[in-house]
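Computed from a predicted model, the values in this text were never measured in an experiment.
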Amino acid sequence: MTLDEKYDPQKVELRWQKYWAERGIYITELDVSKKKFYCLEMFPYPSGEIHMGHVRNYAIGDVIARYKRMCGYNVLHPMGWDAFGMPAENAAIKHNVHPSEWTYKNINNMKKQLNRMGLSYDWEREVTTCSPEYYRWNQWFFLKMLERGLAYRKYSYVNWCPSCATVLANEQVIDERCWRCDSTVIQKKLEQWFFRITHYAEELLQGCDELKGWPERVVLMQKNWIGRGEGVEVDFPIEGMAEQLKIFTTRPDTLFGVTFMCIALGHPVSEKLVKDIDTLDAIKTKYGKEDEKIGLFTGYYAINPLNGDRVPVYVANFVLIEYGTGAIMSVPAHDQRDFEFAKKYNLPIRVVITPEDVPQSAPPPPHPLPHGEGGYLKIPSSEGYLKIPSPLMGEGEGGGGNLLSEITEAYEEEGILVNSGQFNGLRSEIARQQIVRFIEEKGLGKATVNFKLRDWGISRQRYWGTPIPIIYCDKCGIVPVPEKDLPIILPEDVKVTGKGGSPLLESEKFLNTECPKCGGKARRETDTMDTFVDSSWYFIRYCFKKGDIDLNSELRTPDSELKFWMPVDQYIGGVEHAVLHLLYSRFFTRVLRDIGLLNVSEPFQNLLTQGMVIKDGAKMSKSKGNVVDPNYLIEKYGADTSRLFSLFAAPPEKDLEWSDKGVEGANRFLTRLWGVVYKNSDKLQVTSYKFIKNNSSPLADNASRLFRKTHQTIKRVTADIEREYHFNTAIAGLMELMNEITSFESKSDEDRAIFRFA
RNA sequence: GCCGGAGUGGCGGAAUUGGUAGACGCAAGGGACUUAAAAUCCCUCGUCCCCAAAGGGCGUGCCGGUUCGAGUCCGGCCUUCGGCACCA
């Protein structure tokens, strides 16, 4: 083969891409004789064009896949399309095309682009989530969850995006705004389907410690999101009522400091206690907003079961109905929110905790002390100032506490108990245990664990998603679609207008059906599933070749292909999915394990979260107008230059600052490489390594240096890839070797052999 | 507020476990080639002192500490970027 003098990436790349495709060399077959490696990049939403974020993500994944292949692994490296979702509907509204047509056209185009990048995918396993053969299994999973009580229907307040006209999961609300369109989210009462992810809360949290191959910060974000809180539930009797008020607290050591109670709006007891509708409305409008605390005295009093205190019960906007029991005990001296509330409504404050390292009977300080912030005395100590409560406070055991107008903040730290009857003098930590034991022994309540994690609302009033396989019958009620009737196909005859409720209500053919139980007239569920359901198991679908699959028979196959490939060995994608997608996938994997489909608990062994692509100080985005089109780059420089630059400019986990000049630098390197091979093609014809192998004659200094450098480079590149996937330093190493090669002058046959080796 | 990253030349970034700070690339300056430009190739390139060379001083956000030796470890700050946020 003769080389062109000039590096022509278009010619070279297309030639090899054709070669690969013709021979199908990236098609993966099950081969149990080799070690498997499942390399996965997050699949794209088919928006129409790939962007630099994709280029970066897929260049990283491709290097890993190719590296592992060359190391002798049987590599699974698939690609697919997260094809359901809003943009297709928006396009339908705007351009009057069917979402399906729009989506498939985009997939077609983007697939060409990915192939032009020279990515080594096995397209025989391509997944398209909007195809019935894919989403029928969404429906199947739904039925399985229903059987196990993991899917259920609930009437509740939901996050509602007025612009998208649909419900959002808690995870999809960012700063009270819709994660997609940025509209302000409102609360609406609707009946919705939920997945009981909270059933796995404890396991998902404990599983975090197994995620050794994940970035620490992602694991932490998962932990924070699950948000485990250990505490105790205590029943407070209400005067003049049969019901007791159950509260949850993580600070039972402050139970003697309760001076009032607060319940959430919508708490079952609240409706019995409150008559003032106007004030309730005011609280409603301020619900969950941090700015102002509003409350309404119910006229009722609760009795503190520990000390018999009679304390007023309020309805307050800052109490969350979804967390704990929807009711709290308020300890203004030791909780800032309670403190603010107490100030506003002139409620008593009673100190029950004092800082630990200050002696109880501290001698009067020598000088007049600054009467520091908030009724605390400031005592100079080795660690700056210690705040201790002024002696004015907390006097009079069993009294109503003192109203201290000069206090400005609550003392939320741990310390020694005071004014707490038999528990006086104990440290918070000890007191908590003893008080909990006391409460349990007396039957006043019990130790409990609460999570911040909520169940996953999956109903969406959208067209372009998986139909929920449920039928409503007047006689039989909620009836699941029998498995044999799957898939429930999304009807084509629906006009997407973006107005009103569920678009599926429009299709009479879809809506009206027979009840599978009694055969009578019935109607179908018109909501579709959240698209995060699709992406919660797509990595499982890749384990099979294209075409129909049968997960039922899979359940009975202990050594199936699925069990061979799972888990994913290396997952690569953006940090923006650190909570949502990754948490849902971990949940799904556990459910599928429990129904017998999988024998692993964690889907992703190793996770690499790549940074964003930045230009002019901001993330590349259409709305900011700072995008660089990969098409343009590939046309001008070729795919290899584009990939090389995105790997060289920064380590993968960091943000990548775009630089046009940097791209030229990457191109220059490839041009030099081409040039040195072209210019020396005669020397490269030498095929014998005997001079190296025999080492019979000592090498010339420069030859021995190049020889050593070559081996050092092999070692370094290998280490850089294996250690942290630091391709930037691996490439730097190759550039150094190139610099040595280009300055090398070969004079003898030995030299030429070394040169060729390098 | 809570949790977690990160601060190194003009810029992107190097520096396995404490051991020559600034690899590699970009930009910049000078030179060669050219009628000229582009491309390519060669040289310089943290900063200060010195005419220059040789040499030396100072340098990894700030202050202090441990050590023969600190970008790296410890304590205390400052700045900045993420995530969560009335979770009782």
Side-chain angles (χ1 to χ4, degrees), chain A residues 6 170-171 174-176 215-229 231-234 247-252 254-255 258 261-264 286-294 316-332 334-341 383-384 409-410 412 450-454 575-576 578-579 609 611-612 614 617 644-645 648-651 653-669 671-672 675 715-716 719-720 722-724 726-739 742-743:
Chain A
K6 219 175 144 278
N170 289 316
E171 289 86 339
I174 297 145
D175 289 336
E176 292 170 38
E216 223 173 311
R217 61 189 182 124
V218 175
V219 176
L220 266 158
M221 278 161 74
Q222 296 248 329
K223 281 184 175 172
N224 287 342
W225 192 266
I226 297 166
R228 189 176 193 273
V232 60
E233 280 179 1
V234 187
I247 61 96
F248 172 76
T249 181
T250 55
R251 288 294 301 268
T254 65
L255 257 162
V258 174
M261 313 279 288
C262 289
I263 59 178
K286 298 274 182 182
Y287 177 77
K289 304 262 163 52
E290 191 147 2
D291 43 9
E292 200 187 346
K293 301 205 171 10
I294 300 181
N317 68 330
F318 70 95
V319 181
L320 302 171
I321 183 76
E322 317 93 74
Y323 184 78
T325 61
I328 61 165
M329 63 176 208
S330 286
V331 185
H334 306 294
D335 182 287
Q336 187 59 21
R337 294 156 302 180
D338 296 344
F339 177 81
E340 283 165 30
F341 194 87
E383 291 147 20
E409 66 174 5
E412 294 186 328
N450 263 293
F451 294 91
K452 292 183 190 176
L453 185 69
R454 309 285 146 73
V575 224
E576 64 271 23
V579 178
T609 49
M612 293 182 298
I614 303 285
L644 187 71
F645 170 72
F648 178 59
E653 72 278 5
K654 284 185 78 169
D655 285 349
L656 185 155
E657 176 78 35
W658 185 260
S659 153
D660 291 327
K661 293 288 182 186
V663 177
E664 282 176 28
N667 189 246
R668 201 169 296 148
F669 172 68
T671 306
R672 284 176 70 203
K715 187 181 174 192
R716 174 174 176 187
D720 285 349
E722 297 238 313
R723 195 156 37 98
E724 299 262 13
H726 277 189
F727 308 113
N728 56 329
T729 51
I731 293 166
L734 291 170
M735 286 173 167
E736 281 180 47
L737 180 62
M738 258 289 288
N739 291 341
T742 46
S743 61

With sequence neighbours excluded, what pairs up with Glu736(A) under the salt bridge (Lys or Arg N to Asp or Glu O under 4.0 Å) test?
Lys709(A), Arg716(A)
Starting from Watson-Crick (N1-N3 plus N6-O4 or O6-N4) and G-U wobble pairs under 3.5 Å, report the runs of at least three that RNA chain B belongs to.
B:1-7 with B:78-84, B:10-12 with B:24-26, B:28-32 with B:40-44, B:46-49 with B:55-58, B:61-65 with B:73-77
When the distance from [atom1] of [X] to [atom2] of [N] is rounded to whole Å, what number comes out?
{"X": "Phe248(A)", "N": "A88(B)", "atom1": "CZ", "atom2": "C1'", "result": "8 Å"}
{"X": "Leu320(A)", "N": "C84(B)", "atom1": "CG", "atom2": "P", "result": "16 Å"}
{"X": "Leu734(A)", "N": "G25(B)", "atom1": "CG", "atom2": "P", "result": "12 Å"}
{"X": "Ile731(A)", "N": "G25(B)", "atom1": "CD1", "atom2": "P", "result": "12 Å"}
{"X": "Met735(A)", "N": "C24(B)", "atom1": "CE", "atom2": "C1'", "result": "7 Å"}
{"X": "Lys223(A)", "N": "C84(B)", "atom1": "NZ", "atom2": "C1'", "result": "15 Å"}
{"X": "Gln336(A)", "N": "A85(B)", "atom1": "CD", "atom2": "P", "result": "20 Å"}
{"X": "Glu664(A)", "N": "A39(B)", "atom1": "CD", "atom2": "P", "result": "8 Å"}

With rounding to the closest Å, how many angstrom separate the [atom1] atoms on [N] and [M]?
{"N": "U79(B)", "M": "C63(B)", "atom1": "P", "answer": "16 Å"}
{"N": "U20(B)", "M": "C74(B)", "atom1": "C1'", "answer": "26 Å"}
{"N": "C24(B)", "M": "A15(B)", "atom1": "C1'", "answer": "12 Å"}
{"N": "C26(B)", "M": "U40(B)", "atom1": "P", "answer": "10 Å"}
{"N": "G9(B)", "M": "U47(B)", "atom1": "P", "answer": "11 Å"}
{"N": "A21(B)", "M": "A27(B)", "atom1": "P", "answer": "28 Å"}
{"N": "U60(B)", "M": "U8(B)", "atom1": "C1'", "answer": "4 Å"}
{"N": "C45(B)", "M": "A23(B)", "atom1": "C1'", "answer": "15 Å"}

Suppose we screen for side chain to side chain contact (heavy atoms under 4.5 Å, CB included). Which residues come up paired with [X], at least two apart in sequence or across chains?
{"X": "Glu412(A)", "result": "Asp335(A), Gln336(A), Ala410(A)"}
{"X": "Asn667(A)", "result": "Tyr7(A), Tyr637(A), Thr641(A), Thr671(A)"}
{"X": "Asp660(A)", "result": "Trp658(A)"}
{"X": "Glu576(A)", "result": "none"}

With a 4.0 Å cut-off on heavy atoms, is [X] in touch with a base, just the backbone sugar-phosphate, or nothing at all?
{"X": "Thr249(A)", "answer": "sugar-phosphate"}
{"X": "Gly665(A)", "answer": "sugar-phosphate"}
{"X": "Lys661(A)", "answer": "sugar-phosphate"}

So which one's nearest nucleotide on RNA chain B is more toward 5', Gly733(A) or Ile328(A)?
Gly733(A)
Earlier contact from the 5' end, RNA chain B, for Arg251(A) and Glu216(A)
Glu216(A)
Find the distance between CD1 (Ile247(A)) and OG1 (Thr325(A)) and round it off to the nearest 0.5 Å.
6.5 Å
Identify all pairs in which a protein N or O lies below 3.5 Å from an N or O of nucleotides 41-46 of chain B, and state each distance.
none

Minimum-distance nucleotide (side-chain atoms of Asn739(A) versus A88(B), G4(B), C24(B))
C24(B)
Enter syn or anti for the glycosidic conformation of G71(B), syn applying to angles within 90° of 0.
anti
Can you find a pair of side-chain heavy atoms, one from Tyr323(A) and one from Arg454(A), that are under 4.5 Å apart?
yes
Going by the rule side-chain hydrogen bond (donor to acceptor under 3.5 Å, both in side chains), which residues pair with [X] if we only count those two or more places apart in sequence or in a different chain?
{"X": "Arg668(A)", "value": "none"}
{"X": "Ser330(A)", "value": "Asp338(A)"}
{"X": "Glu724(A)", "value": "none"}
{"X": "Arg251(A)", "value": "Asp253(A)"}

Give a yes or no on whether the backbone of Met612(A) and the side-chain of Asp655(A) come within a donor-acceptor separation of less than 3.5 Å.
yes
Reading nucleotides 10-22 of chain B from 5' to 3' and marking B where a protein heavy atom lies under 4.0 Å of the base, S where only the sugar-phosphate is that close, and - otherwise, the string is --BSS-B------
Nearest atoms (heavy-atom pairs only) where Pro252(A) meets Val232(A)
CB-CG1, 3.7 Å
